[in-house]
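Questions regarding the structure given below will be posed in turn.
A, B, ... follow the sequence lines: proteins, then strands. Residue 1 opens every chain.
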Amino acid sequence: MKASDRKRLLREMIFYRRFEERTFEAYMERKVGGFLHLYSGQESVATGVLEVARPGHDYVITGYRDHVHAIKAGAPAREVMAELYGKETGSSKGRGGSMHIFDPSVNFMGGYALVGQPFPLAAGLALACKHKGTDQIAICFLGDGANNQGTFHETLNMASVWKLPVLFVCENNLYAIGTRIERSTAVTDQYKRVCGYDIPSSQHDGQDIDVVMGSAREAVNHVRSGKGPYFIEYLTYRYRGHSMSDSGAYRSKEEEKQWSKRDPIILFTDKLKDEGLIKDEDIKAMEKEIDDEIENDCIKFSEESPEPKVEDLHKYVLDDNPDPRWIGPLQNNEA
Amino acid sequence: MAEIAYWEAIRRAHEEELNNDPNVIVMGEDIGVAGGTYKATLGLYDTFGEQRIIDTPISENSFTGIAIGASMAGLRPIVEIMSINFALLALDTLINAAAKIRYMSGGRASCPLVMRTPGGTAHQLAAQHSARLARMFMSTSGLRVVTPRGPLDAYGMLKSAVRCNDPVIIIEHEQMYNLRGEVPDEETFRPLEGAEVVRQGKDITLIGYNYSVHLCLQAADKLAKDGIDAEVIDLRALKPLDRETIRRSVEKTHRVVIAEEDEAPVGVGAEIIAIINEDCFFALDAQPIRIHAADVPVPYNAKLEKAAIPNVDDVYQGALKAVGKI
Ligand SMILES: Cc1ncc(C[n+]2csc(CCOP(=O)(O)OP(=O)(O)O)c2C)c(N)n1
Ligand SMILES: [Mg+2]
């Protein structure tokens, strides 16, 4: 990988961290409402996987912790922020909010609140790719907890039988809200659960983005080459509570400390320093530039954008411009 | 008599029923160690242990099915589903199994399951966290559906639901868990059937259930200032529905407004108006009015959300229309 790409990746991860932490502030200022789930601590997973896939070309779908996946997939960060602000200029025109970022223009097919719901949707996106004979794949990011839904098992089976080009990325952060994985899940190594479906699978460190990229590259190649689905598991950790209404008090300080030592941004920064690609001053400058970008672009854009109009309440429920040939009214139908 | 919060009332009912009957168990996501999303099961895990207070994986259809099976074999499970939106995943087992087991077995099997879940909109939780869905359960033969409006019913109806031999769906509300109200210190049961006249009046009947009762009560206060004396009925139970109380009230006031937080089509209001047509059509002096949500998925944006969901003023305006003041 080129030095400039490595520096760009570091910048991206720092950007995502700062973006998420800024949304936290905006939530505190009540500019952002509803449920807000932050991705801090897990940046290396979405960043690494999508770096070796083809964002904009491949389909990407995920759960409610979706801001970073959307941005890395190609959704403009300012539009994601504007969505959190509930503005008309947001990714989902203010209708969806934090949990439901959509940008079909880059094949980012949404964030969904219902745990496990995206599994079959991802397989369906893959089915369409296969049907059309494109070289696209579908990538589904979900948590460890989602694997306890029936949709996980049913979808894996079909995806395998039909050899669908879908990559399932499991972000195993050890918790589903306040329930630790071994209290809910018989086999805690998620990649092992897939063997019943004859789908290749593997487990990796999710905090080291080089490891993520290396392993994801193989998985992506497998899926893209027409060999069918792949399931890849990354061990990772979310820093904040599950959402703003959760303090995360069920986790031990010791555990949090252990994981903070394996912070994906620090790990990668240290590597780039060792490689002589970056110095402390560069990082300072980078952080400053990122903060300015978030403030002067994302936040300013969101603040200044208009809200949706109340008259438009019924917009987007159904096709707003349907073809009357299919919709009616019936002719010669006087009462 | 102490004033307690809605969530505390539910917690107390759990505790008493767990103490009363070793066959009572509680199941749900994050209800045990974490104490429950709404604190309705706070501390129970410590007292009753993991065999009775069961943290489940995120597997709504199957853990509800497990509760149904357990209930067929004599346990009294109380299932908490974190949000009524997630209850949709359990509809197969609730509607195809729980609601029909007694009937399909010719009365030889039963399914004394209690499922509690909050419906309703809160603040900007968007389309996948704001479902109401009372009407869907209400339209299923074989279920009981209740909608406690305050701590007393939240407490007393849960207790009755645990004792009752039918599957009971208790629909709570995201915005009511901190609502306070009086609950007697001594053990109390509240019936699972019967509407309640929560305010007497002679000029118009306002009908609500769950959260919308509060909209009706506040609208009634406003109407009183205009010299309009409104009666307010809390349906309490959506299934079976108390037609008698509705009829008596309409025959007295001759005018009616129904407030529901749900969208109107095929809704609770539609059913009530059909019942009024059937039972007391000629008592009406004005067309019945229903106040309901806009027929759209619930928007995230706060202004749009507000426009989509009925409020006190909507009920008030509806009542003015029904009495011919606008
Ligand atoms: C069907 C359904 N049930 C329950 C919930 C409530 N819920 C939201 S997130 C979550 C935990 C999910 O954990 P995991 O899949 O590990 O993802 P993470 O939040 O850790 O990224 C739960 C139980 C939900 N949103 N949908
Ligand atoms: Mg998790």
- Message: Within a 6.0 Å radius of atom CD on B:Gln51, are there more than 12 heavy atoms belonging to other residues, nucleotides or ligands?
- Response: no

- Note on the structure: Note: B:Ala126 and A:Gly96 closest approach over all heavy atoms is CB-O, 3.4 Å

- Query: Is it the case that more than 12 heavy atoms not belonging to B:Lys100 sit under 6.0 Å from its NZ atom?
  - Reply: yes

- Task: Would you mind checking which part of B:Glu29 comes under 4.5 Å of any heavy atom in chain A, side chain (CB onward), backbone (N, CA, C, O), both or neither?
- Result: neither

- Looking only at B:Ser62, B:Ala308, B:Ala127, the option with the highest number of non-hydrogen pairs under 4.5 Å against chain A is B:Ala308

- Which region of B:Leu89, side chain (C-beta onward) or backbone (N, CA, C, O), has a non-hydrogen atom less than 4.5 Å from a non-hydrogen atom of chain A, or is it both or neither? side chain

- Message: Looking at every non-hydrogen atom in both residues, tell me the closest pair between A:Ser184 and B:Pro57 and how far apart they are.
- Response: O-CG, 3.3 Å

- Do other residues, nucleotides or ligands put more than 12 heavy atoms under 6.0 Å from the NZ atom of B:Lys222? yes

- Task: Taking atom NZ of A:Lys93 as the centre, report whether more than 12 heavy atoms of other residues, nucleotides or ligands fall under 6.0 Å from it.
- Result: no

- Note on the structure: Closest non-hydrogen atoms of B:Ser59 and A:Gln149, given as atom of the first, atom of the second and distance, are CA-OE1, 3.5 Å

- Message: Quick check for you: to the nearest 0.5 Å, what is the distance between B:Asp30 atom CG and A:Tyr250 atom OH?
- Response: 7.5 Å

- Query: Is A:Met99 close to B:Gln128 at the side-chain level, that is, under 4.5 Å between some pair of heavy atoms?
  - Reply: no

- Message: Can you tell me which portion of A:Thr179 sits under 4.5 Å from chain B's heavy atoms? Options are side chain, backbone, both or neither.
- Response: both

- Note on the structure: So CD of A:Glu88 and CG of B:Asn301: to nearest 0.5 Å the spacing works out to 8.5 Å

- Query: Taking everything shown except A:Glu256 itself, do over 12 heavy atoms lie less than 6.0 Å from its CD?
  - Reply: yes

- Working to the nearest 0.5 Å, report the span between CG of A:Asn147 and CD1 of B:Ile58. 9.5 Å

- Query: About how many Å separate CG of B:Leu125 and OG of A:Ser98, when rounded to the nearest 0.5 Å?
  - Reply: 11.0 Å

- Please examine the side chains of B:Leu304 and A:Arg95, heavy atoms only from C-beta on, and report whether any two atoms are closer than 4.5 Å. yes

- Query: Do A:Phe35 and B:His129 have ring centres separated by under 6.0 Å?
  - Reply: yes

- Item | Pairwise distance CZ(A:Arg183) to CD1(B:Ile54) - rounded to 0.5 angstrom | 11.0 Å

- For the student: nearest non-hydrogen atoms of A:Tyr85 and B:Tyr300, plus distance: C-CE2, 4.4 Å

- Which residues from residues 307-314 of chain A are near chain B, with near meaning under 4.5 Å between non-hydrogen atoms? A:Glu307, A:Pro308, A:Lys309, A:Val310, A:Leu313, A:His314

- Give the minimum heavy-atom separation between A:Ile177 and B:Met82, together with the two atoms involved. CD1-CE, 3.8 Å

- Select all residues of residues 109-121 of chain A having any heavy atom within less than 4.5 Å of some heavy atom of chain B, and report them by number, or 'none'. A:Tyr112, A:Ala113, A:Leu114, A:Val115, A:Gln117

